[in-house]
Protein chains: 2
Amino acid sequence: MSKNKKLCLRLVREGESHVTAEQVWEAARKEVPGIVMATVYNNLNALAAEGLISRIQVANTKDRYDRTLSPHFHLVCDRCGSMRDLMELPVPTEQMDLLLEGDRYSLELIAHHICKSCQEAPL
Amino acid sequence: MSKNKKLCLRLVREGESHVTAEQVWEAARKEVPGIVMATVYNNLNALAAEGLISRIQVANTKDRYDRTLSPHFHLVCDRCGSMRDLMELPVPTEQMDLLLEGDRYSLELIAHHICKSCQEAPL
DNA sequence: TATAGATTTAGAATAATTCTAAATCTATAA
DNA sequence: TTATAGATTTAGAATTATTCTAAATCTATA
């Protein structure tokens, strides 16, 4: 594991949850001033592919990277894209299992809202 | 309602469900040869804003437009982006309501899989 | 020390969608 | 009919997050 990859992993683990590649890059630059976005993307995506972090993709928002690996759902602000974890809601999957007859699937549950600070912000 | 807007509405209502703007454009061109993508986007998004059709946005897929207005969930192929409706699964919302204390939210449930034809296709 | 493979860099490319400003159309009022 | 304001459409540029490419550099081992 390269120095930069380790750094990316640490920053995702230590920073706030649901960081964007840009946020990781900003933090990484403090330790490796010349580091480039492509490197951060490379490493974050590699880490996600290896299952060391998770990558959360929601339409109209920047991809986010998360240290939490266990499946859970998200609350996303449609205005600023900020993301919070939801406790794992018990989504009943029996009907899905029946419908898909053994076909593998993964569930993504997103609750959309306008977060407090956006509600209070003008415009 | 302009001629083109009516046309877009009809094409979403008559075509297959979950059409992309591009598919609507292809169909629209047969009736209005000079019509431009921006017009299709304009009209589809206006129709969605007015609640006459719905717009479904999933990360990494083209936006899709749907005649179905009642809330329901989607099964999306991660390879080709094709989309099917899911019967409305009973997602328990009491915990969400508690968590968000009166804050308005909308739920989006997406099941990701690889569709049959992609499973059978090479690569 | 040589070398192959991995990593990083810089910058171009991608692609769906939106934006902009000008042109055109449409409906109503004079 | 004509004038006019507003809506609609057009053409093409812009946006933007992310990916790609090819060259440069680094690293670990033989």
Side-chain angles (χ1 to χ4, degrees), chain A residues 1-12 18-50 52-66 76-83 110 123, chain B residues 1-12 18-50 52-66 76-83 110 123:
Chain A
M1 176 134 64
S2 75
K3 206 157 82 61
N4 285 339
K5 192 168 176 183
K6 266 200 202 89
L7 175 59
C8 289
L9 178 56
R10 177 161 62 75
L11 291 173
V12 170
H18 312 121
V19 285
T20 63
E22 203 179 11
Q23 290 173 316
V24 173
W25 179 61
E26 293 292 357
R29 281 202 298 174
K30 289 178 183 150
E31 307 192 24
V32 182
I35 198 173
V36 132
M37 271 297 283
T39 300
V40 174
Y41 272 113
N42 274 351
N43 286 320
L44 290 176
N45 291 341
L47 289 165
E50 292 159 19
L52 293 173
I53 62 178
S54 59
R55 179 184 187 180
I56 305 151
Q57 302 189 106
V58 176
N60 296 319
T61 70
K62 297 180 185 178
D63 290 3
R64 288 169 182 270
Y65 299 88
D66 193 357
V76 175
C77 174
D78 280 342
R79 196 160 300 163
C80 70
S82 68
M83 190 178 286
I110 301 165
L123 237 167
Chain B
M1 178 133 66
S2 75
K3 206 156 82 57
N4 285 339
K5 192 168 176 182
K6 266 200 203 90
L7 174 59
C8 288
L9 178 56
R10 177 160 61 75
L11 291 174
V12 170
H18 311 121
V19 285
T20 62
E22 203 179 12
Q23 290 174 315
V24 173
W25 179 61
E26 293 293 356
R29 282 201 297 173
K30 290 178 182 150
E31 306 193 24
V32 181
I35 197 170
V36 134
M37 271 297 284
T39 300
V40 173
Y41 272 113
N42 275 351
N43 286 321
L44 289 176
N45 291 341
L47 289 165
E50 291 159 20
L52 293 174
I53 62 178
S54 59
R55 179 185 187 179
I56 305 151
Q57 301 189 109
V58 175
N60 296 319
T61 69
K62 298 180 186 179
D63 289 4
R64 287 169 184 269
Y65 299 89
D66 194 356
V76 175
C77 174
D78 281 341
R79 196 160 299 163
C80 70
S82 68
M83 190 178 285
I110 301 165
L123 236 168

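Letters A, B, ... are given to chains in the order of the sequence lines, protein chains preceding strands, and every chain is numbered from 1.
- Where Asn42(B) and Lys62(B) meet DNA chain C, the nucleotide closest to each residue was compared, and Lys62(B) sits on the side nearer the 5' end.
- Met37(B) places its CE atom 8 Å from the C1' atom of dA16(C), with the value rounded to the nearest Å.
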Verify side chain to side chain contact (heavy atoms under 4.5 Å, CB included) between Lys3(A) and Ile35(A), making sure each step is shown before the conclusion. CA-CA 11 Å; Lys3(A) 206 157 82 61; Ile35(A) 198 173; over 6 Å; no
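- Of all non-hydrogen atoms in Arg64(A) and Cys80(A), the two that sit nearest each other are NH2-O, 4.4 Å.
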Each base of DNA chain D marked ( ) or [ ] if paired in-strand (Watson-Crick or G-U under 3.5 Å), | if paired to another strand and . if unpaired gives ||||||||||||||||||||||||||||||
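- The stretch residues 31-48 of chain B participates, sequence neighbours left out, in these salt bridge (charged side-chain N to carboxylate O under 4.0 Å, His left out) pairs: Arg10(B)-Glu31(B).
- Atom CD in Glu22(B) sits roughly 12 Å away from atom C1' in dT17(C) (whole-Å rounding).
- Across Ile53(A) and Leu44(A), no two heavy atoms sit closer than the pair CD1-O, 3.6 Å.
- Of the options Gln23(A), Arg29(A), Lys30(A), a side-chain hydrogen bond (donor to acceptor under 3.5 Å, both in side chains) to Glu26(A) is made by Arg29(A) and by none of the others.
- The minimum heavy-atom distance between Val12(A) and Val19(A), with the atom names listed, is CG2-CG2, 4.2 Å.
- Contact between Val40(B) and Ala21(B) at its shortest, heavy atoms only, is CG1-O, 3.7 Å.
- Mapping heavy-atom proximity under 4.0 Å, the span of DNA chain D touched by chain A runs 5' to 3' from dA17(D) to dC20(D).
- Here the shortest heavy-atom pairing between Arg55(B) and Ala48(B) reads CB-CB, 4.0 Å.
- Within 4.0 Å (heavy atoms only), Ser2(A) reaches sugar-phosphate atoms of the nucleic acid but no base atom.
- Between Tyr41(B) atom OH and dT17(C) atom C1' the separation is 5 Å, expressed in whole Å.
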